[in-house]
Structures are given as C-alpha cells and as structure tokens.
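Down below is the structure, laid out as structure tokens.
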Number of protein chains: 2
Amino acid sequence: MVKRPRPEIPPPPWDRVPRRALADRRDPLNRKAIVAAAIRILDDGGLDGFTMRRVADALGTGPASLYWHVGSKDGLLDLIFEEVIGEQQVPDADPGRWQEQLKDVARTMRATILHHRDIVRISIGRVPMGPNALRYSDRVLAILRAGGASDRLAVLGRHLLISIVNGFTMDETGMDGQPPPEPIATMARDYLASLPPSEFPNLVALADHFAISDQDLRFEVLLDLFVDGLAFRIALECGSFPDQLHDA
Amino acid sequence: MVKRPRPEIPPPPWDRVPRRALADRRDPLNRKAIVAAAIRILDDGGLDGFTMRRVADALGTGPASLYWHVGSKDGLLDLIFEEVIGEQQVPDADPGRWQEQLKDVARTMRATILHHRDIVRISIGRVPMGPNALRYSDRVLAILRAGGASDRLAVLGRHLLISIVNGFTMDETGMDGQPPPEPIATMARDYLASLPPSEFPNLVALADHFAISDQDLRFEVLLDLFVDGLAFRIALECGSFPDQLHDA
DNA sequence: ACCTGAACACCGTTCAAGT
DNA sequence: ACCTGAACACCGTTCAAGT
C-alpha cells in the first residue's frame with residue numbers, strides 16, 4: 001500500500017452548494033457544523049419541522065448567516081444527503097459472497113433510512129454526486145461485478161437495488177414517528193374485515209394478514225426475490241446455470 | 001347480474017377529511033371541484049407550487065373557503081391521492097394470465113405516476129383507505145390469488161409490488177419537469193469518466209453505461225425479476241415447480 | 001349550511017451594511 | 001472573507017362575522 005495524496009475531485013456538473021475557500025476557523029460557523037446541526041434538527045423534527053431558522057437557532061445565529069455557507073435550503077439538503085450516504089460502509093467485494101454482500105448493502109441502507117427521519121423524502125429528485133455518493137456507488141458496483149454481472153447488468157443492478165430499498169422504506173417510514181404499529185395495524189384489520197364482502201371479497205378474506213406486518217421479514221423476502229432474480233440473469237448472460245439459488 | 005344499491009362504506013379508522021352532508025349545490029364550491037382544481041394545479045406546478053391560496057384562486061375564492069370542505073392541506077392531498085388511484089383500472093383476474101396482468105398493473109401505476117407530477121412524494125406516509133384505494137387493492141389481491149398465491153403471499157406480493165414501482169418511479173420523477181434526459185445523462189457520463197480511476201475504478205470503467213438510461217427497459221427488467229421471483233415462491237409454497245418462468 | 005376578510009404566526013431568501 | 005438585521009413576498013390556518 002503506497003500512501004499518496006488523494007487526488008482532488010473536481011465538482012460535479014451540477015452543484016447547488018457554493019465552492020468556497022474554507023477559512024478553517026473552528027469557531028461558530030462552517031459547513032460541517034451546519035450540516036451536523038441540520039441532521040440533528042431533521043432527525044427529531046422531521047422534514048416538516050426542518051427550517052432554516054431552526055437550524056440557525058441551534059447554532060446561535062440568524063437564518064441569513066447560513067446562506068453564505070450552503071447557498072440555499074435545497075443546497076443544505078443536498079449536503080445532508082451526502083453526509084448520510086457517507087455513514088454507510090460497503091464491504092470489500094468478495095466474489096464468493098456477493099449475494100450476501102448485496103443483501104447487506106440493502107440492510108445497511110434500510111437501517112440508515114430508518115435512523116434518519118424523512119431521509120427518503122429528501123432523497124427524491126436528488127442525484128448525489130459528492131465524494132461519499134461516488135465512493136458508495138463504486139463499491140456497490142464492485143460487488144456486482146464480482147458476482148459476474150456484465151457492465152450493463154451491474155449498472156442496472158445498482159440502480160434497481162437502490163430503487164427497491166427506497167420503495168420499501170418509503171411506506172414503513174412515513175406514518176408519523178414511531179407510534180406503535182400494533183394498534184393501527186389492528187385498526188386497519190378490523191376496518192377491512194368490516195367491509196361489505198360482496199364488494200371487497202379479497203380484502204375481507206385476507207384482513208387478518210394485514211395486521212401481521214413483520215417488516216424485517218417482508219424486507220428479507222424482497223431481498224431474496226431480487227438477489228435470486230439477479231443471480232439468475234447473470235447466469236443467463238454467460239450461458240450457464242446458477243449453482244446456488246436459494247441457499248439462505 | 002342483479003343490480004342493487006351499492007352498500008354504504010363507513011369511514012376508515014383515520015380520516016382527515018370532514019364527513020359533511022353535501023348539499024349538492026353545483027355552483028361554485030364542493031369537494032369534487034376543489035380536488036379537480038387541485039390536481040390541475042399540482043400537475044403543472046409540482047408540489048412546491050401547490051398552495052391552498054393558488055387552488056382557491058383557480059376557483060375564484062379565498063383560501064379560507066377551502067377549509068370547510070377539505071379540512072386541511074393534508075386532507076386535500078389525501079383526496080388527491082385517492083382520486084389518482086381511482087384513475088387506474090385493474091383487469092379482472094384471469095388465472096392463466098396472472099403474471100402479465102400483474103405487470104400491467106405495475107405499468108399502469110407507473111404511467112399514472114409519470115402523468116401526475118410529484119404524486120410519489122405525496123403518497124409517502126399516506127395509507128389511503130378511500131373506496132378507490134380499497135377497490136384497487138382488492139382487485140390486485142384477486143390477481144395474486146388467481147396466480148395461486150397463499151393468503152400471506154398475496155398480501156405480501158401486493159405490498160411489494162407497490163413498493164418497487166414507487167421506488168423505481170421515485171428517481172425518474174424527481175429531477176425537475178422533463179428537461180431533456182439526454183444532456184444530463186451525457187454530462188453525468190463525462191463527469192464519471194473523468195474521475196481518478198485509482199479511486200473509482202468501477203465508475204470510470206462503467207461510465208458509458210450511465211448515459212444509457214432507457215427507463216422503460218429498466219422497468220421491464222425489474223418487473224421480470226419480481227414476477228419471476230414471485231412465481232417461483234408460489235411454486236415453492238405448494239411443493240411443485242413453476243412451469244413457465246421467463247416466458248416473455 | 002356554507003362562505004368570507006382579516007389577522008396570526010410562521011416561512012425562504014435577499015441585500016445593504018457591517019467587521 | 002464572513003456575518004448580521006431588517007425587510008420582502010410569501011405560506012397554512014383560525015376565527016369572528018356574515019348570508
């Protein structure tokens with residue numbers, strides 16, 4: 001391992017945050033402190049409670065002071081997203097364990113999303129291009145290629161994996177903070193069971209199953225579906241058959 | 001077919017919209033007119049441009065007038081979501097074609113989402129329980145059961161199908177209106193290709209594939225993965241083998 | 001039963017002015 | 001180079017008062 005200076009990464013083609021020579025004063029205000037405070041505000045107030053004014057308050061300034069550092073509220077949200085991506089670490093690709101590694105990437109992503117309130121909502125329409133996002137994508141691609149995916153399938157697989165995790169977490173996330181899932185699940189169940197069976201035969205018949213919502217298990221089923229399907233397509237691509245479907 | 005009065009559906013356990021005896025005056029203001037105007041505003045202003053004041057304007061009143069009918073902005077968004085769900089029609093379940101039918105449900109959902117700007121963002125955290133949403137869910141469940149899914153797998157399958165379509169459309173939707181995908185894709189490609197290969201070997205190597213973003217095709221791959229995987233699990237459940245994987 | 005004007009308590013952002 | 005106060009143009013929502 002030769003230690004050499006990390007090459008400077010030029011700014012991505014779009015960038016809402018002003019590139020400023022940072023004066024490295026550690027006193028009250030700099031980009032890092034702002035992002036840290038913002039994430040704290042976000043985590044316990046949600047996106048609706050997330051306000052430039054509140055962030056400024058937490059830092060002991062007025063809202064106007066933030067704008068020199070982060071450009072706009074949207075710019076700050078970009079930075080938050082980048083930071084949160086950086087919290088996740090992706091394992092070094094191991095060809096023999098690529099399926100489990102891919103699932104772990106997804107599990108970590110889900111855990112991070114559940115940990116940072118409303119981060120899925122924030123991610124919508126944001127195409128992160130910061131160093132953390134790049135590093136993350138690169139390492140996920142490494143795993144897919146280690147699994148034997150073609151270039152095209154690797155890029156596609158990365159995209160779809162992120163998509164399905166976002167989709168899954170979207171609706172386990174939104175419903176408020178974490179007020180007990182138990183009562184609302186039974187409430188929904190009872191309501192469905194009370195509907196006219198002539199009009200909603202399936203909802204009435206399956207009402208009980210709507211009360212059971214072990215999200216961890218549901219998520220694992222999704223991952224199984226996805227990774228198995230991916231393994232199958234990889235096998236198709238190179239003309240052989242997959243040797244270990246459903247090994248878990 | 002006996003024609004009988006449709007049974008009255010009681011309100012769901014949570015309901016942000018006030019149940020009022022509607023006076024059926026067709027003049028200026030009623031719930032339906034408000035929702036219609038709101039959807040129009042939403043479609044061409046996006047969620048950021050969506051304002052109670054703007055909706056009121058379109059109807060020739062002040063914002064305060066809306067509150068009697070829809071309770072709150074969130075209540076109005078609930079109604080919008082319900083309405084949009086109602087725009088989609090789900091085919092009558094046909095056991096022999098359940099796989100293609102399920103894909104069609106997903107395709108219709110995606111088309112609807114692409115047609116109504118920011119509707120995915122609106123759907124987050126909303127558990128629709130209106131008549132349209134109920135009818136929709138019931139019919140999707142019918143298809144899954146026609147395919148042989150167990151009760152548990154039917155409920156799970158419906159949930160996951162909706163999840164993955166939401167996830168997929170999340171990021172093809174956000175990036176602004178529809179400013180040409182071409183230039184930004186090549187911009188991203190060029191940027192990725194210019195990165196230091198020592199740090200991002202995979203991004204650099206696969207940069208070209210990031211420019212190719214045939215979303216229709218990507219979506220079809222996702223549907224194949226999902227429906228194949230589901231068929232496989234259904235077969236597992238009843239101890240036999242699936243007879244038609246990858247028939248498309 | 002329905003609608004309204006006016007007000008309240010908030011927003012994001014700008015900008016001239018300070019240091 | 002960095003920070004600030006004050007202001008601008010907006011918000012969602014309420015509420016007394018009207019018809």
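Residue numbers start from 1 in every chain, and the chains themselves are labelled A, B, ... in the order their sequence lines are given, proteins ahead of strands.
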### Query
A:Lys73 has an atom NZ; how far is it from atom P of D:dC11, in whole Å?
14 Å
### Task
When you get a sec, tell me which of C:dA1, D:dC3, C:dG12 is the closest nucleotide to the side chain of B:Trp68?
C:dA1
### Residue B:His69, side-chain heavy atoms: nucleotide from C:dC3, D:dT13, D:dA7 that is nearest
C:dC3
### Query
Just how far, in rounded Å, is P of C:dC2 from CZ of B:Arg31?
11 Å
### Query
Nearest-Å distance, CE (A:Met52) to P (C:dT13)?
7 Å
### Query
Using a cut-off of 4.0 Å on non-hydrogen atoms, how would the nucleic acid contact of A:Thr51 be classed: base, sugar-phosphate, or nothing?
sugar-phosphate
### Task
Find the distance A:Asp57:CG to C:dG12:C1' and express it as a whole number of Å.
15 Å
### Task
Hey, which sits more toward the 5' end of DNA chain C by its nearest nucleotide, A:Arg54 or A:Ala64?
A:Arg54
### Task
Mind calculating the distance between CG (B:Asp48) and C1' (C:dT13) to the nearest angstrom?
15 Å
### Query
Would you call A:Asp43 and A:Arg117 a salt bridge, taking side-chain N to carboxylate O under 4.0 Å as the test?
no
### Query
How many Å lie between CG on A:Asp74 and P on C:dT13, as a whole number?
7 Å
### Summary
Correct closest heavy-atom pair for B:Ile85 and B:Pro128 would be CD1-CG, 3.7 Å
### Task
Please state how far atom CZ in A:Arg53 lies from atom P in D:dA7, giving the value in whole angstrom units.
13 Å
### Summary
Between A:Ile164 and A:Leu222, the two heavy atoms sitting closest are O-CD2, 4.0 Å
### Query
What's the closest nucleotide to the B:Tyr67 side chain, out of D:dC2, D:dT14, C:dT14?
D:dT14
### Summary
Separation of C:dC2 atom P from B:Ile34 atom CD1, nearest Å, is 11 Å
### Message
Counting only Watson-Crick pairs (N1-N3 plus N6-O4 or O6-N4) and G-U wobbles (N1-O2, O6-N3), all under 3.5 Å, who is the partner of C:dG5?
### Response
D:dC15
### Message
Taking the side chain as everything from C-beta on, heavy atoms only, tell me whether A:Ile162 gets closer than 4.5 Å to A:Met109.
### Response
yes
#### Entry: Donor-acceptor pair, side chain of B:Ser194 and main chain of B:Tyr191, under 3.5 angstrom
yes
### Query
What nucleotide among D:dT4, C:dC3, C:dG12 has an atom nearest to a side-chain atom of A:Ser65?
D:dT4
